[in-house]
*Asks:* 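Structure in structure tokens, see below.
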Protein chains: 2
Amino acid sequence: MENAKVSDLWDRARAGDVAALGRLVTLVEDEGPARGELLARVAPLTGRAHRIGLAGPPGAGKSTVAAELARRFRDRGERVGVVAVDPTSPVSGGALLGDRVRMGDLESSDGIFIRSLASRGMPGGLSLAAGLVADALDAVGYDRILIETLGIGQGELDIVPKAHTVLLLMLPGTGDAVQLMKAGLMELADIFLVNKADRDGAQALAVLLRAQLTETARPAGAWMPPVLLTTAYRGEGLDLVLEAIERHRAYLTTTGGLESRRRAGIRAQLRQLVEGAVLQRMWSDPVLSAELDKAVEEVAERKSDPVRSAARLVQRMLPGRKGAR
Amino acid sequence: MENAKVSDLWDRARAGDVAALGRLVTLVEDEGPARGELLARVAPLTGRAHRIGLAGPPGAGKSTVAAELARRFRDRGERVGVVAVDPTSPVSGGALLGDRVRMGDLESSDGIFIRSLASRGMPGGLSLAAGLVADALDAVGYDRILIETLGIGQGELDIVPKAHTVLLLMLPGTGDAVQLMKAGLMELADIFLVNKADRDGAQALAVLLRAQLTETARPAGAWMPPVLLTTAYRGEGLDLVLEAIERHRAYLTTTGGLESRRRAGIRAQLRQLVEGAVLQRMWSDPVLSAELDKAVEEVAERKSDPVRSAARLVQRMLPGRKGAR
């Protein structure tokens, strides 16, 4: 795409043209040659939007909560972007705000812009794209950006630094809480939601979480994550979630946390970009690629084991440095 | 851990000591110094087990199907390993084969060994560990290794090359099939399961899948993936799945596909090992680490954008080569 066209799209998106914004976001997502130029325009204008991450196991109700929050923000006159990273999310299937999401992966209705990101099959690819799309929405004037993450697992950790406020959703009676504690994910959340609170065990789960949070050592004046009960599909409890989000934002603003989280997000983004480029260049090198073929043969014929062969390959790739451990 | 101790564990695990095997698997998973030594022992003994991958969206019933298949294989006198990669899987919560999984993340009952892998927060970390654990189980004499993958998304693609036979599970009435087609995941599966086939729309989904598969061009004599209806929580349809698995294995053996899949798995494993080591060394280099800090500042102060700064960092890391695209 020529610069003139990018420039035109950019102007139209900034002026509120949602179709133009949709195409612009696709350019950001697609890693094409226009991405660099676009992000150079985006970068100086970022840092204004409040980014809210929604994490939690599949089926915990992340999409429903995102939709409820998006509507509430919009009703207050804010512009809301929703970036769904989970390809299994009902968002992709069109549950969020109606079936129109199905149409071209794009939805906009009175100040809400939704984009569901498809997996690119690249490590870190999805969460990298999510952050860059959030940057673009931020730059064109969206006030809140809701980022719905992959269930729980690797993607989770990637997305956290991209949000200022992280909501963690759990369901009663699933053992989720134990898993989250084990995985060390509890420390990453700013607000806990026990969703589907009309189910048995909701109060007990909230009590358990609060006890756990109370036991966790934190400095004086530090944010104490609230544990809120919601039944999102009936819209219950969401007003309190909104209030908690606002309190957390105020807390971050007062303590300088907003800026430090922004920097953490930038760091994560840079790392992902660098790692993607380094690995891509590494494997597109014909010499290294031939070395890999040779190593595959050695291991397949049981003349070497994968760890030993991998160490040798690393040695070839970074020859100036000391051996792999 | 001294070599003598690794050697002792190894001998005991090979002799059928399940506690020793559990500790051995932990060593493989943990990336500690003993891993290399262990894998050198493991490598020459791999290649005998049949590796079966289970993929599909969260809630599709992967764990239930894995449990049903594991029981059937065991009842035929085979030794079965189950490696669950999905940290949100009910396996971690103890649903599979009873609550004993909760106890130290390890279960063994009459020839079944289960390991649920925790996320290490590293890209590719989980699927790499899953492959190495499968290698270890293969080497100590397990006949079938069931690998239950992350839902759908990035992890999915990683795990596929580690299995000889890939089962893809779908639920009726969810739009999963459309998502899977879009994501190009249908081509990766050898056997399709429409699970929870007692639900409305199961037959229609099976018809849709079969039509799609029939339309796909494939060489003469190529494997035609069957589409099977199962209701796994009632044990229905699993005998036919077992039969299809056996047919697929026989097909692979006849056509040499077993060996080519083994090589693809080795290639994926080597790539992951190399990438992990390269990235780890890259970021532990104090010079590069300082460059990253500088780049974070530039971007945070809006003097640069992430793509430009990342390209400069890549230049520093791989100075001998041409610039990032």
Side-chain angles (χ1 to χ4, degrees), chain A residues 35-36 39-40 42-44 57-59 86-88 92-93 118-119 121 123-126 150-155 157 174-175 179 182-183 262-263 266-267 269-271 273-275 277-279 281-283 292 295-296 299-300 302 304-311 313-314 317-318 321 324, chain B residues 35-36 39-40 42-44 57-59 86-88 92-93 118-119 121 123-126 150-155 157 174-175 179 182-183 262-263 266-267 269-271 273-275 277-279 281-283 292 295-296 299-300 302 304-311 313-314 317-318 321 324:
Chain A
R35 191 173 75 166
L39 292 175
V42 161
D86 186 349
T88 65
S92 330
S119 171
L126 268 180
L150 277 167
I152 291 280
Q154 299 160 266
L157 304 169
T174 57
Q179 289 306 311
K182 272 210 261 176
R262 192 170 82 87
R263 274 165 203 251
I266 291 169
R267 176 177 298 271
Q269 200 174 50
L270 282 169
R271 281 182 65 126
L273 284 165
V274 169
E275 292 180 356
V278 165
L279 296 181
R281 262 216 261 168
M282 196 167 84
W283 295 124
L292 176 63
V296 170
V299 176
R302 300 184 177 82
S304 177
D305 66 86
V307 168
R308 192 146 50 103
S309 290
L313 279 169
V314 172
M317 282 166 202
L318 303 174
R321 304 161 200 234
Chain B
R35 191 172 76 165
L39 292 175
V42 162
D86 184 350
T88 66
S92 331
S119 172
L126 267 181
L150 278 165
I152 290 281
Q154 299 161 267
L157 304 169
T174 56
Q179 290 305 311
K182 272 209 264 178
R262 192 171 82 88
R263 274 163 203 251
I266 290 170
R267 177 177 297 269
Q269 199 175 52
L270 281 170
R271 281 182 65 125
L273 283 164
V274 169
E275 291 181 355
V278 165
L279 296 181
R281 262 215 261 169
M282 195 167 84
W283 296 124
L292 175 64
V296 171
V299 176
R302 301 184 178 80
S304 177
D305 66 86
V307 169
R308 190 146 50 105
S309 290
L313 280 169
V314 172
M317 281 164 202
L318 303 173
R321 303 161 202 235

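Here is the naming used below: chain letters follow the sequence lines, and residue numbers restart at 1 for every chain. Predicted model only: the values in this text are computed from it and were never measured.
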*Asks:* Would you name the heavy atoms of B/Arg302 and A/Pro44 that are closest together and state the gap between them?
*Replies:* CD-O, 3.0 Å

*Asks:* Check side-chain hydrogen bond (donor to acceptor under 3.5 Å, both in side chains) between A/Arg267 and all other residues, then give those that pass, not counting sequence neighbours.
*Replies:* B/Asp293

*Asks:* Taking C-beta and beyond as the side chain, do B/Val274 and A/Met282 meet within less than 4.5 Å on heavy atoms?
*Replies:*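 Side chain of B/Val274 against side chain of A/Met282, heavy atoms only: contact under 4.5 Å found.
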
*Asks:* Check side-chain hydrogen bond (donor to acceptor under 3.5 Å, both in side chains) between A/Arg263 and all other residues, then give those that pass, not counting sequence neighbours.
*Replies:* A/Glu259, B/Glu297

*Asks:* Grab the two heavy atoms, one from A/Val296 and one from B/Leu270, that are nearest each other, plus how far apart they are.
*Replies:* N-CD1, 3.7 Å

*Asks:* Do the side chains of B/Leu313 and A/Leu273 get nearer than 4.5 Å, heavy atoms only?
*Replies:* no

*Asks:* For B/Ala43 and A/Asp305, which heavy atoms make the closest approach, and how far apart are they?
*Replies:*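 In terms of heavy atoms, the two residues are closest at CB-CB, 3.3 Å.
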
*Asks:* What distance separates A/Ser304 OG from B/Ile266 CD1, expressed to the nearest 0.5 Å?
*Replies:*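 If we round to the nearest 0.5 Å, A/Ser304:OG and B/Ile266:CD1 are 10.5 Å apart.
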
